[in-house]
Amino acid sequence: SEHALKIEALSKDQHFRDAIKENKRFILENYEIAGKKMDSTHDTREFIEHTNRPNSREKLFIVISSSIPDALLRDYFKQLEGKDNVTFVLRGLVGSDTSFKPTKEYLERIVKKYPLDPNNQEVYTITLEINPKVTRIYGIEKAPAFIYVANDDGQLETSSPIDPTMVSNFWIAYGVSSLEHTIQQINSEAKSTWLDSLLDKETFFKTKSKEK
């Protein structure tokens with residue numbers, strides 16, 4: 001518990017966040033793989049531009065539930081895998097309010113990249129949590145719900161009580177539809193280059209694989 005509190009405090013420290021961004025930007029601007037500069041692709045340029053905005057912490061929460069088809073969730077996971085500041089939030093426990101086992105089994109199932117192959121246990125690299133603070137503060141009553149927060153202050157990621165007056169500008173979209181359609185729907189009002197960059201399918205490593 002003591003270590004968890006220290007990590008929580010560190011994650012909220014703005015100097016620590018800025019140091020992480022600066023180190024990421026240094027690596028992207030100064031290193032290369034196979035002779036190609038890491039900052040030469042669209043997604044890394046978007047990241048560098050984003051880190052230049054002081055105290056900016058845009059966030060996308062995607063509230064899910066067990067009623068959503070697994071195939072659709074995996075499609076979301078696939079498109080957003082490895083993206084910073086994207087968090088999937090399970091709306092509540094699955095199957096039982098008294099036992100965590102059904103929820104654990106559900107989470108282990110949906111994150112598998114190849115659910116029909118018992119010999120392949122590879123999972124999606126995403127942030128997935130049960131966080132009732134998200135559904136409560138934004139009044140979410142159904143899923144899927146996509147919540148874009150323009151400048152998240154980290155309140156929803158700590159054990160501290162929420163101050164509703166500190167909640168930043170946000171936009172919400174509901175409904176089972178493609179990720180592209182949903183993000184475009186939000187961004188028609190939010191006008192965020194970061195949010196738009198989440199739709200970019202091109203990454204440095206995908207570019208290298210195509211060249212091969």
Side-chain angles (χ1 to χ4, degrees), residues 11 17 42-47 49-51 53 55-94 103 106-107 109-113 115 123-158 162-203 206:
S11 68
R17 292 178 181 176
H42 175 70
D43 54 328
T44 52
R45 288 196 300 272
E46 285 282 354
F47 171 79
E49 177 186 339
H50 180 64
T51 58
R53 305 174 200 164
N55 301 321
S56 176
R57 192 166 185 260
E58 295 173 81
K59 184 90 176 186
L60 180 65
F61 293 102
I62 302 176
V63 180
I64 65 174
S65 73
S66 58
S67 63
I68 301 173
D70 290 4
L72 179 62
L73 290 177
R74 291 192 183 98
D75 187 51
Y76 292 157
F77 296 162
K78 181 179 180 180
Q79 293 181 74
L80 294 172
E81 184 176 27
K83 300 286 186 179
D84 290 334
N85 293 347
V86 176
T87 299
F88 289 88
V89 179
L90 185 61
R91 190 180 170 196
L93 295 180
V94 175
T103 302
Y106 170 73
L107 295 176
R109 185 183 82 233
I110 63 174
V111 297
K112 289 183 179 180
K113 289 188 175 183
V123 298
Y124 288 103
T125 306
I126 56 168
T127 301
L128 176 57
E129 59 187 42
I130 301 173
N131 188 344
K133 296 173 79 173
V134 173
T135 55
R136 186 169 69 251
I137 196 64
Y138 293 111
I140 304 301
E141 297 181 352
K142 58 183 179 180
F146 297 77
I147 311 164
Y148 166 68
V149 184
N151 192 10
D152 177 53
D153 61 4
Q155 285 193 93
L156 298 174
E157 298 167 10
T158 72
I162 297 173
D163 180 358
T165 64
M166 296 297 291
V167 175
S168 303
N169 290 340
F170 63 92
W171 290 261
I172 301 176
Y174 291 99
V176 176
S177 60
S178 70
L179 181 67
E180 181 177 9
H181 173 77
T182 303
I183 287 181
Q184 287 177 346
Q185 180 183 347
I186 294 175
N187 225 13
S188 64
E189 297 182 9
K191 310 296 183 185
S192 163
T193 56
W194 172 80
L195 194 60
D196 187 57
S197 74
L198 295 180
L199 298 175
D200 183 22
K201 305 295 191 302
E202 191 76 74
T203 67
K206 288 181 181 177

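We use all heavy atoms of the structure for the numbers below, so side chains are in, but hydrogens, waters and symmetry mates are not.
- The shortest distance between side-chain heavy atoms of L128 and I64 falls below 4.5 Å.
- Looking at heavy atoms from C-beta onward, F77 lies out of side-chain contact with V123 at the 4.5 angstrom threshold.
- Not counting sequence neighbours, the partners of S178 by the side chain to side chain contact (heavy atoms under 4.5 Å, CB included) test are E180, H181.
- A 4.5 Å side-chain heavy-atom check between L80 and I62 finds at least one atom pair inside the cut-off.
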Please set out all donor-acceptor pairs under 3.5 angstrom arising from side-chain atoms of residues 139-148, sequence neighbours excluded.
from : atom 1 : to   : atom 2 : distance (Å)
Y148 : OH     : E58  : OE1    : 2.4
Y148 : OH     : S192 : OG     : 3.3

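- Nearest approach of W194 to D84, heavy atoms of both residues: CZ2-O, 3.4 Å.
- Evaluation of the side chain to side chain contact (heavy atoms under 4.5 Å, CB included) rule for D70 yields R74, Y106, R109, I110 as partners, not counting sequence neighbours.
- Between N151 and R57, the shortest heavy-atom contact is OD1-N, 3.3 Å.
- Among all heavy-atom pairs drawn from S188 and K191, the shortest one is O-NZ, 3.0 Å.
- Under the 3.5 Å distance criterion, the side-chain polar atoms of T87 are left unmatched by any main-chain donor or acceptor of F61.
- The distance between the ring centers of Y76 and F88 does not fall below 6.0 angstrom.
- No side-chain heavy atom of I126 sits less than 4.5 Å from a side-chain heavy atom of V86.
- Note: S65 OG to L73 CG = 8.0 Å, rounded to the nearest 0.5 Å.
- In terms of heavy-atom proximity, S197 sits nearest to K83 at O-NZ, 3.8 Å.
- Summarising the geometry, atom CG belonging to D152 is positioned 12.5 Å from atom CG belonging to N169; distances are rounded to the nearest 0.5 Å.
- We find the CG-OG1 distance between L90 and T103 to be 6.5 Å, quoted to the nearest 0.5 Å.
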